[in-house]
Amino acid sequence: MRLNSLMNLRFTPGLYFGNRDITMREYNTGAELRQNVKTTCIVLPVDLKFSGMRYRQSRPYITAGVMPAFNITRSQGDYLRTVPAELFLTAGFGCDFNLPYFKLVPEVKFCFGITDAIEHDRTDLEDEPDKLKITRSLRKALSRMVVFTFYFE
């Protein structure tokens, strides 16, 4: 939605694939446990886009906004499990390139999680106290992402 000649409000839903390698270390014994957490998220970012003046066939811009993310992959029996929904603050930059037949828009966006990413209430681990101990020992975990996107218009 165009607000004025230099500002737009954008809604650009997407699908993000993520991979986190987590290493947990026992303080007393030094034993290490590893877990790979794969996520597939549906994201619904709402950004305010501040564009610069057009120079030849390009127009740089910066963005800021919020992005709810909904995790559609759920794994059972792991040490750590992510919550089904998170909220991010986003900031980014990019440039609109007006080519003869289409517009190419590369963008880099930094996403900072503001909600806890770990599910602490794990009733499925009540029978396994060693795994439950690891989940409960974490107070809070925040996600951070760097997203590189190409838009074609």
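For the single chain, residues carry numbers from 1 onward in sequence order.
- A pairwise comparison of heavy atoms in Asn8 and Arg2 identifies OD1-CA, 3.4 Å as the closest pair.
- Between the OG1 atom of Thr39 and the CG atom of Asn71 there is a distance of 5.5 Å, given to the nearest 0.5 Å.
- The 12-atom threshold is not exceeded at CG of Asp127, counting heavy atoms of other residues, nucleotides or ligands nearer than 6.0 Å.
- In this structure, Ala117 and Ser143 approach most closely via the heavy-atom pair CB-OG, 3.6 Å.
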Might you work through the side-chain hydrogen bond (donor to acceptor under 3.5 Å, both in side chains) test for Glu107 and Thr63, ending with a clear yes or no?
-> CA-CA 10 Å; Glu107 178 181 280; Thr63 64; 4.8 Å; no
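- Rounded to the nearest 0.5 Å, atoms CE (Met1) and NZ (Lys49) are 14.0 Å apart.
- Taking the side chain as every heavy atom from C-beta outward, Tyr151 and Thr12 approach each other to under 4.5 Å.
- In the hydrophobic cluster analysis, where Ile, Leu, Val, Met, Phe, Trp and Tyr join through side-chain heavy atoms closer than 4.5 angstrom, Ile42 is grouped together with Phe17.
- In this structure, Leu142 and Ile114 approach most closely via the heavy-atom pair CD2-C, 4.2 Å.
- A continuous path of hydrophobic side-chain contacts links Phe11 to Phe152 [ILVMFWY only; heavy atoms under 4.5 Å].
- Put simply, CD on Gln57 and CG on Leu99 are 8.0 Å apart, with the number rounded to the nearest 0.5 Å.
- Residues Phe93 and Leu48 share a hydrophobic cluster, clusters being chains of Ile/Leu/Val/Met/Phe/Trp/Tyr side chains in contact below 4.5 Å.
- Residues Ile22 and Leu80 meet the side-chain proximity criterion, which asks for heavy atoms closer than 4.5 Å.
- Looking only at side-chain heavy atoms (C-beta outward), Tyr55 and Pro60 stay at 4.5 Å or farther from each other.
- If you take CE on Met145 and CE on Met67, they are separated by 3.5 Å, rounding to the nearest 0.5 Å.
- Taking CD1 from Ile72 and CZ from Phe70, the interatomic distance works out to 11.5 Å, rounded to the nearest 0.5 Å.
- With hydrogens and angles disregarded, no donor-acceptor distance shorter than 3.5 Å links the side chain of Asp21 to the backbone of Asn36.
- Residues Pro45 and Lys109 are in side-chain contact: their nearest non-hydrogen atoms beyond the backbone lie under 4.5 Å apart.
- Leu15 is listed as a side-chain neighbour of Thr40, based on a closest heavy-atom distance under 4.5 Å.
- Considering only heavy atoms from C-beta on, Phe50 stays 4.5 Å or farther from Leu6 through its side chain.
- With hydrogens and angles disregarded, a donor-acceptor distance shorter than 3.5 Å links the side chain of Arg54 to the backbone of Arg56.
- Counting heavy atoms from C-beta on, the side chains of Val105 and Phe150 never come closer than 4.5 Å.
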Please report the C-alpha distance between Asp47 and Thr90 in whole Å, then the side-chain angles of each, then the deciding distance to 0.1 Å, and finally whether the side-chain hydrogen bond (donor to acceptor under 3.5 Å, both in side chains) criterion is met.
-> CA-CA 8 Å; Asp47 293 321; Thr90 63; 3.1 Å; yes
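- What you find for Pro13 and Leu44 is that their closest heavy atoms are CB-CD2, 3.8 Å.
- The OG atom of Ser58 lies 12.0 Å from the CE atom of Met53; values are rounded to the nearest 0.5 Å.
- A side chain to side chain donor-acceptor pair (under 3.5 Å) with Thr23 is found for one member of Arg34, Glu32, Gln35 and no other, namely Arg34.
- Nearest heavy atoms, Asp96 versus Lys103: CB-CD, 3.9 Å.
- Between Phe112 and Phe110, the two ring planes are parallel [angle under 30°; tilted spans 30° to 60°].
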Before giving the answer on side chain to side chain contact (heavy atoms under 4.5 Å, CB included), spell out for Val147 and Val108 the whole-Å C-alpha distance, their side-chain angles and the decisive distance to 0.1 Å.
-> CA-CA 6 Å; Val147 180; Val108 176; over 6 Å; no
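- Ile62 and Phe148 fall within the same hydrophobic cluster, where Ile, Leu, Val, Met, Phe, Trp and Tyr residues are linked whenever their side-chain heavy atoms come under 4.5 Å apart, directly or through other members.
- Linking Ile, Leu, Val, Met, Phe, Trp and Tyr whenever their side-chain heavy atoms come within less than 4.5 Å leaves Tyr16 and Val146 in two separate clusters.
- Smallest separation of non-hydrogen atoms from Pro84 and Glu119: CD-OE1, 4.4 Å.
- Using a distance-only test at 3.5 Å, with no hydrogens or angles considered, a donor-acceptor pair links the side chain of Arg59 to the main chain of Gly52.
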